[in-house]
Amino acid sequence: MPGPGMEVVGEEEIQEVLEVLRSKWLYRYGEADDPNFKRKVIQLETDVAKMSNVKYGVALNSGTTALLVALGALSIGPGDEVIVPGYTFIASISAIVYARSIPVLAEVDRTFNLDPADVEAKITPRTRAIMAVHMMGNPARLNELRAIADKHHVALIEDCAQAFGSSYKGRPIGSIGDISGFSFNAYKTITAGDGGMVITNDENLYMRSFAFHDQGHSPLRGGVDVGKRPFIGLDFRMTELQAAVLLGQLRKLDQILGHLRTNKKRFKSLISDLPGLEFREITDPEGECATLLTTIMPSAEIAEKVSRELGGRPMSEAGWHVYNNMENILEQRTITPEGCPFTCPYYTNKAPRMTYRKGMLPQTDALLNRSVNLSIGVPDPGLRSSFGVKLTDGLDVVEQRAAEFRRVAGKYLR
Ligand SMILES: Cc1ncc(COP(=O)(O)O)c(C=O)c1O
């Protein structure tokens, strides 16, 4: 089973989708006075913006396009650098490449999210944005990152794909960045199989996001807008069917988060006395999504042994999330042979060509080598490991899995 949202798909989502199918209006635009137009996408945009405490949302077809739209809205492009963690899903980095700008890989710290000290060290005159990725349901150090962004007059983008529903020191995730992206793919807190959204408080960024996601149109396009399109856009629209599923899922968010948090707390309490076992630092224990419990072993050797015996691998081997394993990024395998954006003169006239190599982020490597993820509601498909529990598992299963973990890890942690 992929993520938590998918586990609880049920009657609410079915009724929402049937309402749309029966109305036979599957498209995000419609006439306001047409009873068949159920306004599901508009409702979703409104609801997510409201719960995120921001003014605007633009629903999209994926989290990857959400990041591309965010970068485009900020006019980030050739010659620009964006700082991004070396531990993230590859889409955070790919979106920067497709915006024709240069990803600058930075270290993560014990939050497994951007290390503010390394971010500050990597700011250059070419930096246009910091992309804070909230990995595994836990917000990055947003106060520090916001302060660095403000000090250097660069934008802060929040990649909230893995953290829908979480908050940071009382503020909803996505509301601290200038513009933020969500994913609703199958592994996320709530899902429609695929889908995404950008949210922002800035009207100009909203207008630009909307235009990018739909051929240059202004919000809720009333016609073809001839003469008024600010730039060339594409089509990343969400359908009414996806939005219907997500509205059903949204109503279950509190239930999903409650379950994840209870299971994680119990799992952690049952193993935390193991000598030498440490855990990921959580920036806001009240606000995290609690989709994974990340353990840190005293050494890479122990992490290797424990994870293998549990049927998985240490986090350093994650095929989807660790820069060392992203050969297409390391080798700059661009879709066209001239190597744009890495060879782009707008960049190379200002700075030496960017290079990437395995081992370039030693702090990140040392942390991931020692770390083993336990699933609370999201397995890591990149590790082919799902040791842990599912969302709908009760505390009895949590206790069994914790006992199994103790039996294996206890052999090495003394
Ligand atoms: C951190 C992060 N960013 C971006 C994405 C991209 O989202 P999507 O799969 O919806 O394109 C994901 C998806 O897994 C992700 O985990």
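What you see is a predicted model; the values in this text were computed from it and never measured. Counting convention: from 1, in listed order, for ligands and their atoms alike.
- When the shell of 6.0 Å around CD of Glu399 is examined, it contains more than 12 heavy atoms from other residues, nucleotides or ligands.
- Counting only distance, with no hydrogens or angles, the side chain of Asp47 and the backbone of Leu44 share no donor-acceptor pair below 3.5 Å.
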Which protein N or O atoms sit under 3.5 Å from any N or O of ligand 1? Give each pair with its distance.
residue, atom, partner, partner atom, Å
ligand 1, 3 (N), Asp159, OD1, 3.2
ligand 1, 3 (N), Asp159, OD2, 2.7
ligand 1, 7 (O), Ser183, OG, 3.4
ligand 1, 9 (O), Asn185, ND2, 2.9
ligand 1, 10 (O), Gly63, N, 2.8
ligand 1, 10 (O), Ser183, OG, 2.7
ligand 1, 11 (O), Gly63, N, 3.3
ligand 1, 11 (O), Thr64, N, 2.9
ligand 1, 11 (O), Thr64, OG1, 2.5
ligand 1, 14 (O), Asn185, ND2, 3.3
ligand 1, 14 (O), Lys188, NZ, 2.7
ligand 1, 16 (O), Gln162, NE2, 2.9
ligand 1, 16 (O), Lys188, NZ, 3.2

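- Ion pairing between Arg308 and Glu317 holds under the 4.0 Å rule for side-chain N and carboxylate O.
- Annotation for Phe37: atom CZ counts as buried by contact number, over 12 foreign heavy atoms lying within 6.0 Å.
- The only member of His152, Arg146, Lys151 that meets side chain to side chain contact (heavy atoms under 4.5 Å, CB included) when paired with Ile148 is His152.
- Annotation for Tyr29: atom OH counts as buried by contact number, over 12 foreign heavy atoms lying within 6.0 Å.
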